[in-house]
Amino acid sequence: MVEINTARIAVVAFSGGLDTSCIVSWLKEDWYGYDDVQRGRTHGSPTSPLLQNRVHYGFDEVVAVLVDVGQEFDLEASIERARAAGADDVVLVDCKAAFAEEQCARAIKANALYEGKYPLVSALSRPVIAQAVAELAEELGAEAVVHGCTGKGNDQLRFELSFKAHNPDLRVIAPLRDRIWTRDEEIEYALAKGIPVQATQASPFSIDENLFGRAIEAGALEDPWAAPPEEPYALTGDPASAPAPAEVTIEFEAGVPVALDGEELPLAELVAKLNGLAGPYGIGRIDMIENRAVGIKSREVYEAPAAMVLIQAHSALEDVVLTKDEARIKRGLEQRWTELVYEGLWFSPAREAIDAFVDRTQELVDGEVRVELRPNAAVVTGRRSPHMLYAEQLASYGTGETFPHAAAEGFIKISSLEVELAAARARAKTQV
Ligand code: ARG
């Protein structure tokens, strides 16, 4: 059933770049025609009175939503591009603070490193962007929400699971999955539609960026043997020309960074400032082959200086505060948390339940960590907390220590019982 008289609205997660600009234009001009041909539907004869006034089968209204999660973007140029592509409205949603305080803070508390290396930069931003898009779609009574992810990546999962978690009735359109465009085709299409194409859009790298870092893929990086070129880096400098080592002190409250070198800062600002301090040392450059949810391995290069320093510092503070079992259980759950978020399940009962555990463990994770910034490395050189379980009088090898040495003998005796039994059994067996 085609509801010709109701305005059909699509809300697009718009990045300001070439992909999503082409999508806006396509939705506006061609999308329904394409969709119906694909699905074997027809709209009736061209002389149908219902269709006589329609010159195309696109959406009546396309709204481009640009969500600010701390990426670099040129607002004027983005608006101009969306307009040129035919967007009826362009909406900017500032989610920087919310993104920092929810997703980034939780990632730090969970020491989230996918496959032990990647601090989930893109994976953290998608639920925020998707939520902003879904909320606006609901407000406008839109028929569909739209993203610019391909069928090969993880981001399609993150967007679509987040859309569905917000509103299972929303129709999701993924034009770059439905139809594969080459970069050249896109540029040609954009030029034909009068969408301005920047010189940088001819760049061979695919880059995603937010407050927590940058993800770089494609181009020369597709060869896993090829060393990453300097060219696509923006947040970090070449460690070979790093400045002299310097120290920073990070203060945490309940597991969340609250001050940098004594200056209290909202997390978004603290992260931005620390990116500026650690970046020139090349700290947080990560070159990895990762396992995507869709089953392929991909070469990714990341730069996330603040994220890496903060996770390292946070985990060093936990070392002196958490009990042995809290720490052991948490390390296992951290990995599950990271995998869930990587695979698009930010909005899920499992992630929330793990976070309930994490939050409970963080109640006493207050204190300071001193980190030395060196070329290629952030090195924790000190940690202190008012709630340390670290007890110098127990651990010390100096005078005045209070460790109950006499009790150690009994402890070892009991601990070794099972080993002794097993050893005796093994001996008896070889003697038979
Ligand atoms: N592989 C990373 C992830 O799945 C980054 C993907 C972001 N996209 C990009 N254009 N580099 O989170």
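Each ligand, and each atom within it, is numbered from 1 in the order the structure gives. Residue numbers start at 1 and run along the sequence shown. Scope of the values below: all heavy atoms of this structure, side chains included, with no hydrogens, waters or symmetry mates.
In summary, R106 and D359 engage in a salt bridge, as defined by a charged side-chain N under 4.0 Å from a carboxylate O.
To the nearest 0.5 Å, atoms CZ (F252) and CD (E368) are separated by 10.5 Å. Between L113 atom CG and M308 atom CE the span is 5.0 Å, to the nearest 0.5 Å.
Closer than 4.0 angstrom to ligand 1 by heavy atom are Y118, S122, A123, N154, D155, R158, S206, I207, D208, A215, E217, E290, E300, Y302, Y342, sorted by chain and number.
Applying the side-chain contact (heavy atoms from CB on, under 4.5 Å) rule to E80 yields the partners P196; only residues at least two apart in sequence or on another chain are considered.
The cationic atom of R171 (NZ for Lys, CZ for Arg) does not lie both less than 6.0 Å from the six-membered ring centre of F163 and within 45° of the ring axis.
For the residue pair S21/R81, the side-chain donor-acceptor check at 3.5 Å is not satisfied.
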